[in-house]
Amino acid sequence: MDRVNSDGRAVRSRTARAALVLFACVAAGAGWSQEQGAPAGRVPKPAITPAQGDTCVEPVEFMRRNHMEVLLHQRDRTMRAGVRTKQHSLKGCVECHASAETGSVAAAPGDFCRSCHGYAAVKIDCFECHAAKPAVAQGAKP
Amino acid sequence: MNGHDAGRRQFLAWGAGAVATLTLAPGVLLLQSAHGRAPVEAASGAVRWGLLIDTDKCAKGCDACVTACNRENGLSGGTRETDAQWIRKVELKDLRTGREASLPMMCQHCEQPPCVDVCPTGASFKRADGIVLVDKHVCIGCRYCMMACPYKARSLVHENLADQRPDVPRGKGTVESCTFCVHRVDRGETPACVRACADAGHGAMVFGDLNDPASDIAQRIARYPSTQARADLGLNPGVRYQGI
Amino acid sequence: MKIAYREIEGRSGAYWLLLGVLGAVTAAGLAAAWTMEHRGHIVTGMTNQIVWGMPHVFAVFLIVAASGALNVASIASVFGKGFYKPLAPLSGLVAVALLAGGLAVLMLDLGRADRIVVAMTRYNFTSIFALNVFLYTGFFVIVALYLWTMMERRMNRYSTPVGYAALVWRLVLTTGTGSIFGFLVARQAYDSAMLAPTFVAMSFSYGLAAYLLVLIAAYAWSGRTLDVAVLRRLKNLLVVFIAVVLYFVAVFHLTNLYFARQSAFERFVLADGGIYPALFWGGQILLGSLVPMALLAHPRLGAARGTVVAASLLVVLGGLAQMHVTIIGGQAFPLELFPGMQESGSFFDGRVHPYAPSLPELALGLGGVAIAGIIVVLAVKLLAFLPERLDGRVAESP
């Protein structure tokens with residue numbers, strides 16, 4: 001962004017304009033500008049709802065970058081070998097991160113998984129099949 | 001090392017729990033001593049899970065196993081031609097003798113599963129302990145396994161689903177079938193159908209390790225005659241039927 | 001004498017109309033696939049009992065015909081018949097087009113068509129389906145090479161060895177396609193080694209019929225000369241192929257009739273199975289085989305353009321009827337869980353499964369045919385596939 005060259009000013013103004021357009025699109029798509037009242041012209045941060053417990057299963061920085069790898073690895077070990085450790089299980093993620101309002105990690109745009117994935121424009125494929133709510137929130141067995 | 005010890009302690013605790021449920025009535029072993037496995041342990045090739053169904057005890061008209069399966073796995077219970085049915089009751093009649101039998105039919109968890117042979121992506125697979133599953137992450141929904149299964153045990157999810165059970169992910173466009181309630185088995189429990197059959201007072205289903213000579217199922221199979229569905233195909237199913 | 005190949009002009013209103021119609025059918029097919037992707041297979045007539053339906057009837061037909069469409073090229077370069085040489089490039093083109101159409105239908109019908117990358121990157125080599133993915137992609141490559149050796153003068157001398165490779169490859173490919181069914185031990189309709197050679201024979205017949213339709217249409221609509229000698233030889237070939245298919249079909253059913261355990265299935269598909277015996281006798285045997293044979297064998301009218309077109313159309317329709325009987329009839333017949341017992345249950349055990357194709361799946365199947373059509377129509381305009389004239393002198397040249 002701050003690349004300086006002989007025509008530095010021109011480059012910056014062009015990138016700034018592009019960023020503004022990009023932000024407008026993202027904000028309009030997810031409806032954050034109203035929800036958060038983010039100041040125009042600044043890149044908004046996704047709303048991260050607080051999770052249960054004090055710490056995540058791995059350092060937060062690590063999880064932000066690598067949660068997909070962790071989940072993928074665990075997915076194959078659980079599916080293929082029957083290893084059911086809780087630490088890296090998707091069920092574990094859902095149990096801690098389900099939002100207080102919707103009880104889900106992916107029901108509303110502000111829910112934990114959706115807020116970041118919406119921000120990064122990455123489709124989540126998990127919850128077409130996996131429950132996005134913890135077991136308790138589903139109520140007792142009929 | 002520490003984790004391993006913790007795992008073993010937990011294993012012992014589960015074993016105790018399982019033994020407690022072992023003898024509900026004198027002489028009738030309803031539940032197999034469970035192979036409680038620590039979560040960190042992978043399914044073992046030394047185990048072969050199996051199910052023995054005594055058709056003489058299976059009551060015509062009773063579908064406790066079916067409703068329990070639907071509830072446990074989050075199936076709708078619908079019986080349209082497009083609805084998934086993991087377990088169903090089948091009524092048999094020998095036309096020559098008139099003898100009738102009622103039995104539950106589900107994935108037979110074959111030793112040589114045709115569904116695994118034909119699956120182009122390897123989504124259909126057999127776990128080390130003999131449970132045949134679909135890895136829905138790589139299932140492309142070609143339905144070749146459904147063509148290949150002699151038991152019609154598999155269903156394609158034809159519609160969008162919501163509110164799946166946390167332990168049982170299911171999704172549109174992928175194929176699914178009985179998992180022997182693998183999430184329960186991994187906790188050291190028996191499949192929901194077996195539990196429901198016992199609760200309904202029939203006790204027609206015995207679940208356990210076919211490879212363990214001391215297990216109830218292995219001893220029964222050794223003592224009484226039993227048969228396999230489509231035994232002529234030589235697939236060696238893990239489900240056996242008694243009284244047919 | 002040298003053969004002069006030339007692109008067709010392709011600027012007439014009729015050309016664009018043809019392209020427009022094919023485009024519209026393709027669009028309808030794609031719309032159907034989109035609906036199936038978003039709403040699920042509930043929008044089709046396919047169920048958990050009839051798991052493969054109309055898309056598979058079209059897809060398997062197109063794939064089988066694709067391999068057979070290469071006949072003419074094989075005869076020219078492998079068997080050294082110079083007479084067929086001018087006809088060979090079109091043969092390769094039709095083969096590639098039909099295969100592309102068939103595969104498109106097969107892929108778009110998947111429950112998770114979005115996972116096409118998974119299908120192309122993860123292989124289970126005990127699956128004949130996975131092997132077929134290689135056979136199909138290999139077919140594209142080999143036929144493309146083959147076309148290059150035929151159409152690029154400097155490459156001409158390689159066309160015989162490449163032709164051999166293509167011949168062997170397509171025999172293996174159709175064996176693989178037949179084995180998709182032949183290897184299904186579970187179902188009485190399949191589970192037979194006969195299916196692979198029968199599919200090979202069918203590929204000869206369906207492929208040549210499709211090729212003839214394209215050839216005649218291309219020459220008639222571009223106003224070029226197609227000599228009757230060409231048609232006479234090709235139609236005689238078609239008669240032989242139809243007869244070979246009849247032979248294999250007869251042996252298949254006679255074997256089954258001899259086995260007591262198969263008699264219930266044979267009664268179903270040949271006598272009392274409703275639409276399936278009707279499609280078998282009326283569609284596959286009468287209209288799809290006997291009538292076209294009689295038409296083509298006629299001493300005076302047999303080689304007339306109209307007769308060949310009518311007979312080829314009938315062979316194609318008979319082929320679709322055959323695929324319907326084989327694929328859907330084979331699934332409609334109930335599975336036997338405990339042989340010798342009468343079965344009933346909530347999953348429709350022991351009952352013949354009904355099947356009513358829905359509009360989207362029909363549109364998808366026809367869309368595959370249209371895709372094949374578009375490929376041919378565009379290719380003959382862009383590249384020189386067709387000899388300027390196919391009259392006696394060209395045909396007689398070595």
Side-chain angles (χ1 to χ4, degrees), chain B residues 63 66 79-85 88-96 101 103 105 114 116-125 136-144 146-160 171-175 227 229-230 232-235 241 244, chain C residues 36-44 46-52 106-107 109-116 118-119 121-124 126-133 180-181 183-187 190 261 330-331 334-350 353-354:
Chain B
D63 64 351
V66 179
T79 52
R80 290 175 305 167
E81 287 176 315
T82 45
D83 285 323
Q85 294 188 40
R88 62 191 194 266
K89 283 298 293 288
V90 173
E91 313 297 331
L92 294 183
K93 185 175 182 184
D94 190 327
L95 286 175
R96 284 160 297 238
L103 52 85
M105 177 55 62
V116 174
D117 289 342
V118 302
C119 178
T121 65
S124 212
F125 72 101
K136 288 162 199 169
H137 304 108
V138 289
C139 172
I140 55 174
C142 73
R143 285 106 76 208
Y144 196 20
M146 298 173 72
M147 291 291 280
C149 177
Y151 311 105
K152 242 173 67 177
R154 289 202 160 172
S155 299
L156 174 79
V157 179
H158 281 73
E159 291 171 275
N160 282 306
K172 180 189 72 188
T174 57
V175 173
T227 183
R230 292 304 305 270
D232 56 318
L233 299 178
L235 307 173
Y241 293 91
I244 293 178
Chain C
M36 282 161 71
E37 174 77 8
H38 282 258
R39 294 193 44 211
H41 275 63
I42 194 85
V43 300
T44 71
M46 290 177 273
T47 62
N48 284 327
Q49 277 66 44
I50 306 287
V51 302
W52 285 354
L106 215 53
M107 295 300 175
D109 165 75
L110 293 177
R112 294 290 308 238
D114 55 322
R115 289 189 181 154
I116 192 71
V118 174
T121 50
R122 289 182 60 116
Y123 293 103
N124 165 26
T126 59
S127 168
I128 188 73
F129 232 40
L131 290 175
N132 277 342
V133 173
I180 288 177
F181 300 96
F183 285 4
L184 290 178
V185 69
R187 293 178 190 262
Y190 311 127
R261 64 181 159 85
Q331 298 171 78
L335 284 176
E336 272 198 318
L337 303 171
F338 294 91
M341 302 277 222
Q342 189 188 53
E343 290 151 12
S344 60
S346 66
F347 211 47
F348 314 97
D349 302 273
H353 309 306

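Letters go in sequence order (proteins before strands), and every chain restarts at 1.
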For residues B:A148 and C:A186, report the shortest heavy-atom separation together with the two atoms involved. O-CB, 3.1 Å
Go through it in stages, so that I can follow the logic: the residues are C:D349 and B:R88, the test is side-chain contact (heavy atoms from CB on, under 4.5 Å), and I'd like the CA-CA distance, side-chain angles, deciding distance and then a yes or no. CA-CA 10 Å; C:D349 302 273; B:R88 62 191 194 266; 2.7 Å; yes
My understanding is that only one of B:R230, B:M105, B:K152 makes a side chain to side chain contact (heavy atoms under 4.5 Å, CB included) with C:L337; could you say which? B:M105
The single option from C:D109, C:N48, C:L110 passing side chain to side chain contact (heavy atoms under 4.5 Å, CB included) against B:R143: C:D109
What orientation do B:Y144 and C:W52 show, parallel under 30°, tilted 30 to 60°, or perpendicular over 60°? parallel
For C:Q49 and B:E81, which heavy atoms make the closest approach, and how far apart are they? OE1-O, 3.2 Å
Report yes or no: does C:R122 contribute a side-chain atom to a donor-acceptor pair with the main-chain N or O of B:G122 at less than 3.5 Å? no
Please flag which part of B:D63 lies under 4.5 Å from any non-hydrogen atom of chain C: side chain, backbone, both or neither. neither
Can you say whether B:K89 sits under 4.5 Å from chain C via the side chain, the backbone, both, or neither, judging by heavy atoms? backbone
Proximity breakdown for C:E343 and chain B, heavy-atom pairs closer than 4.5 Å: both
Should B:R154 and C:V51 count as side-chain neighbours, where that means a heavy-atom distance under 4.5 Å? no
Contact part of B:L235 toward chain C, heavy-atom cut-off under 4.5 Å: side chain, backbone, both or neither? neither
Tell me the closest heavy-atom pair linking C:A130 and B:P120, and the distance in Å. CB-O, 3.6 Å
Could you tell me whether the side chain of B:T121 reaches within less than 4.5 Å of the side chain of C:R115, counting heavy atoms only? no
So, the part of C:R39 with a heavy atom under 4.5 Å from chain B: the answer is backbone
When B:S124, B:A84, B:P150 are compared by non-hydrogen pairs under 4.5 Å with chain C, the top option: B:P150
If I measure from the heavy atoms of chain C, does B:R96 come under 4.5 Å with its side chain, its backbone, both, or neither? side chain
So for C:I180, is it side chain, backbone, both, or neither that comes closer than 4.5 Å to the heavy atoms of chain B? both
Can you tell which part of B:V116 gets under 4.5 Å to a heavy atom of chain C, answering side chain, backbone, both or neither? backbone
Exercise: identify the closest heavy-atom pair between C:S346 and B:T79: CB-CG2, 4.3 Å
Looking only at heavy atoms, what is the nearest atom pair of C:F338 and B:L92, with distance? CD1-CD1, 3.6 Å
Need one label for C:M36: side chain, backbone, both or neither, based on atoms under 4.5 Å from any heavy atom in chain B. neither
As an exercise: rank B:V138, B:N160, B:V66 by heavy-atom pairs under 4.5 Å with chain C and give me the winner. B:V138
If you round to the nearest 0.5 Å, how far is CD1 of C:I128 from CG of B:D117? 11.5 Å
Indicate yes or no: at least one non-hydrogen side-chain atom of C:I42 is less than 4.5 angstrom from one of B:R80. yes
Does C:E37 offer a backbone N or O that forms a donor-acceptor pair with the side chain of B:K172 under 3.5 Å? yes
